[in-house]
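Remember, predicted model here, so these are calculated numbers, not experimental data.
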Amino acid sequence: MRTSLQQPFRAWIAAPAYPWVTGGALTVGAVAELIAFPGSVTTTIGVLVSSASLMWRRSFPPVAVLTVAAGLLGFAGAVNLYVLIMASGLIGCYTLGRHRVLHPAVTVAGGALGAVCVNLVHINTWSRMDLPVPALWEKGSLSLFAEAFLLTVVIFGAVMMGDAVRSREETRKQRNLAQVQLIAMERQQAAEAERAAIARELHDIVSHSVSMIAVQAESATYTTPGLTPEARDGFQQIACTARSSMAELRRLLGVLRTPHGQGDMAVTAPQPTLDHLSELVEQHRAVGGEAKLRVTGERVSLPAAWELSAYRITQEALTNARKHAPGARTVVEIDYGADRRLTLRIHDDGPGPGSGPGTGAGHGLTGMRERAALVGGRLSAGAGPDGGFLVEAELPWGTG
């Protein structure tokens with residue numbers, strides 16, 4: 001209830017019309033108060049200027065200096081304190097602290113000096129009205145300056161309140177900016193880590209193919225009868241080029257390896273294919289998830305990079321389903337399209353994006369998009385047409 005009331009109130013305060021409406025209302029109230037309780041010309045001018053100047057306090061915060069000065073001037077010319085002078089003066093002091101037109105210490109010191117001047121004017125007025133006013137050097141004369149002390153305390157409180165609000169908003173802005181920078185950094189690091197993982201996995205794929213080229217080229221020189229010397233030299237050059245490529249792949253992989261031998265483990269592990277999807281779904285069920293695998297179209301043996309990318313996308317989507325929608329039913333659909341396009345659809349009936357526990361910066365989605373882009377495909381993720389969360393990827397292999 002409190003939050004529901006705070007939001008429209010804060011929105012109203014932030015609206016461009018807020019200072020004009022409040023300043024105009026105070027001015028109308030000041031006119032009504034002056035009609036009910038007429039004052040001197042000085043008081044009238046001070047009250048009206050102090051109230052009306054507040055309409056420009058957001059577009060031109062230094063006008064609050066005029067607000068406070070006019071309020072003190074109007075109070076100095078009146079025996080009694082007008083309510084609108086007090087309200088306008090407080091808002092003016094708050095504005096000075098909120099926008100830090102001057103340093104708070106300078107603002108409070110100026111306000112205190114003005115309060116003392118107003119108090120001296122009132123002391124002179126009291127003496128001319130034949131009121132018992134003790135001389136400044138007599139006993140009890142300090143009580144004459146209670147008015148100045150009270151005004152200074154009020155000015156100090158209003159200025160400090162405005163400065164505290166300013167400091168809190170600056171802290172909030174800095175915290176939000178730091179959070180945005182941190183999220184961007186984490187996403188960049190996640191993308192770089194995913195690219196490194198992809199590169200290590202592709203090393204397995206490419207190195208196997210290149211090593212087979214080297215072995216077959218070398219064996220051809222011994223198993224193929226009737227080869228000319230030029231043909232044997234050509235096969236040897238192919239084998240030599242393949243071995244050089246393998247050495248270069250290993251050198252590049254060394255740059256991508258993670259510390260403490262984790263890179264070696266990633267290189268030596270066998271890479272999964274789409275034939276392992278049923279095992280992946282079983283693993284999802286074994287840890288408490290509910291999943292179903294649907295395959296349409298004729299199974300096609302895709303290039304290794306496509307098989308691996310499709311498997312990793314499905315694996316990450318199931319992981320996200322367990323993390324953000326525990327207990328939800330998940331359906332994994334694989335379609336080997338006749339247009340040489342592999343389509344993946346992983347859909348759950350959970351609460352949808354941003355609703356489940358553990359909602360983070362979307363590092364898993366970043367990795368899945370990297371996987372899809374690697375093979376020239378595309379990936380979309382978001383709310384499903386019937387609710388829940390949907391990950392859909394299209395991986396064309398016709399041009400691969």
Sole candidate of Arg340, Arg341, Arg345 that passes salt bridge (charged side-chain N to carboxylate O under 4.0 Å, His left out) when paired with Glu394: Arg341
Qualifying residue, where the test is side-chain contact (heavy atoms from CB on, under 4.5 Å) with Leu395 and the options are Thr343, Leu379, Val375: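 When side-chain contact (heavy atoms from CB on, under 4.5 Å) is applied between Leu395 and each of Thr343, Leu379, Val375, only Val375 qualifies.
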Donor-acceptor contact present, side-chain [X] to main-chain [Y], <3.5 Å:
{"X": "Tyr82", "Y": "Phe37", "value": "yes"}
{"X": "Thr22", "Y": "Pro19", "value": "yes"}
{"X": "His122", "Y": "Phe75", "value": "yes"}
{"X": "Thr330", "Y": "Ala291", "value": "no"}
{"X": "Glu333", "Y": "Leu293", "value": "no"}
{"X": "Thr43", "Y": "Gly39", "value": "no"}

With a cut-off of 6.0 Å (strictly less than), are more than 12 heavy atoms of other residues, nucleotides or ligands near [atom1] of [X]?
{"X": "Phe149", "atom1": "CZ", "result": "no"}
{"X": "Met160", "atom1": "CE", "result": "yes"}
{"X": "Gln179", "atom1": "CD", "result": "no"}
{"X": "Arg329", "atom1": "CZ", "result": "no"}

Is the closest basic N to carboxylate O distance between [X] and [Y] below 4.0 Å?
{"X": "Arg294", "Y": "Asp335", "value": "no"}
{"X": "Arg371", "Y": "Glu316", "value": "no"}
{"X": "Arg187", "Y": "Glu370", "value": "no"}
{"X": "Arg285", "Y": "Glu282", "value": "yes"}
{"X": "Asp163", "Y": "Arg100", "value": "yes"}

Shared hydrophobic cluster, [X] / [Y] (ILVMFWY, side-chain heavy atoms < 4.5 Å):
{"X": "Val108", "Y": "Phe145", "value": "no"}
{"X": "Leu73", "Y": "Leu151", "value": "no"}
{"X": "Met86", "Y": "Leu34", "value": "yes"}
{"X": "Leu54", "Y": "Phe60", "value": "no"}

Non-hydrogen side-chain atoms of [X] and [Y] separated by less than 4.5 Å:
{"X": "Ile334", "Y": "Val332", "value": "yes"}
{"X": "Val31", "Y": "Val47", "value": "no"}
{"X": "Tyr311", "Y": "His276", "value": "yes"}
{"X": "Pro104", "Y": "Thr107", "value": "no"}
{"X": "Arg369", "Y": "Leu374", "value": "no"}
{"X": "Leu72", "Y": "Cys117", "value": "no"}

Least distance between heavy atoms, [X] atom then [Y] atom:
{"X": "Gly74", "Y": "Ile85", "result": "C-CD1, 3.7 Å"}
{"X": "Asp348", "Y": "Ala321", "result": "OD2-CB, 4.1 Å"}
{"X": "Val121", "Y": "Ala76", "result": "CG1-O, 3.5 Å"}
{"X": "Ala158", "Y": "Cys93", "result": "CB-CB, 3.6 Å"}
{"X": "Ala393", "Y": "Ile313", "result": "CB-CD1, 4.4 Å"}

Please report the C-alpha distance between Leu274 and Trp306 in whole Å, then the side-chain angles of each, then the deciding distance to 0.1 Å, and finally whether the side-chain contact (heavy atoms from CB on, under 4.5 Å) criterion is met. CA-CA 9 Å; Leu274 290 174; Trp306 274 253; over 6 Å; no
Mind checking the OG1-CG spacing from Thr273 to Leu302? Nearest 0.5 Å is all I need.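 Thr273 atom OG1 to Leu302 atom CG measures 9.5 Å (nearest 0.5 Å).
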Rounded distance [0.5 Å steps], CG in Leu177 versus CD in Gln181: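 One gets 4.0 Å once the value is rounded to the nearest 0.5 Å.
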Given side-chain contact (heavy atoms from CB on, under 4.5 Å), test Leu277 with Val295 step by step and report yes or no. CA-CA 10 Å; Leu277 282 183; Val295 181; over 6 Å; no
Is a side-chain donor-acceptor pair under 3.5 Å present for Ser88 with Thr67? no
Indicate whether the side chain of Arg166 and that of His99 have a donor and an acceptor atom separated by less than 3.5 Å. no
Evaluate the salt bridge (charged side-chain N to carboxylate O under 4.0 Å, His left out) criterion for residues Arg378 and Glu392: first the C-alpha distance (whole Å), next the side-chain angles of each, then the deciding distance (0.1 Å), finally the verdict. CA-CA 8 Å; Arg378 66 176 185 85; Glu392 188 171 12; 5.8 Å; no
Check against side-chain contact (heavy atoms from CB on, under 4.5 Å), Met55 and Val21: CA-CA 8 Å; Met55 291 186 284; Val21 173; over 6 Å; no
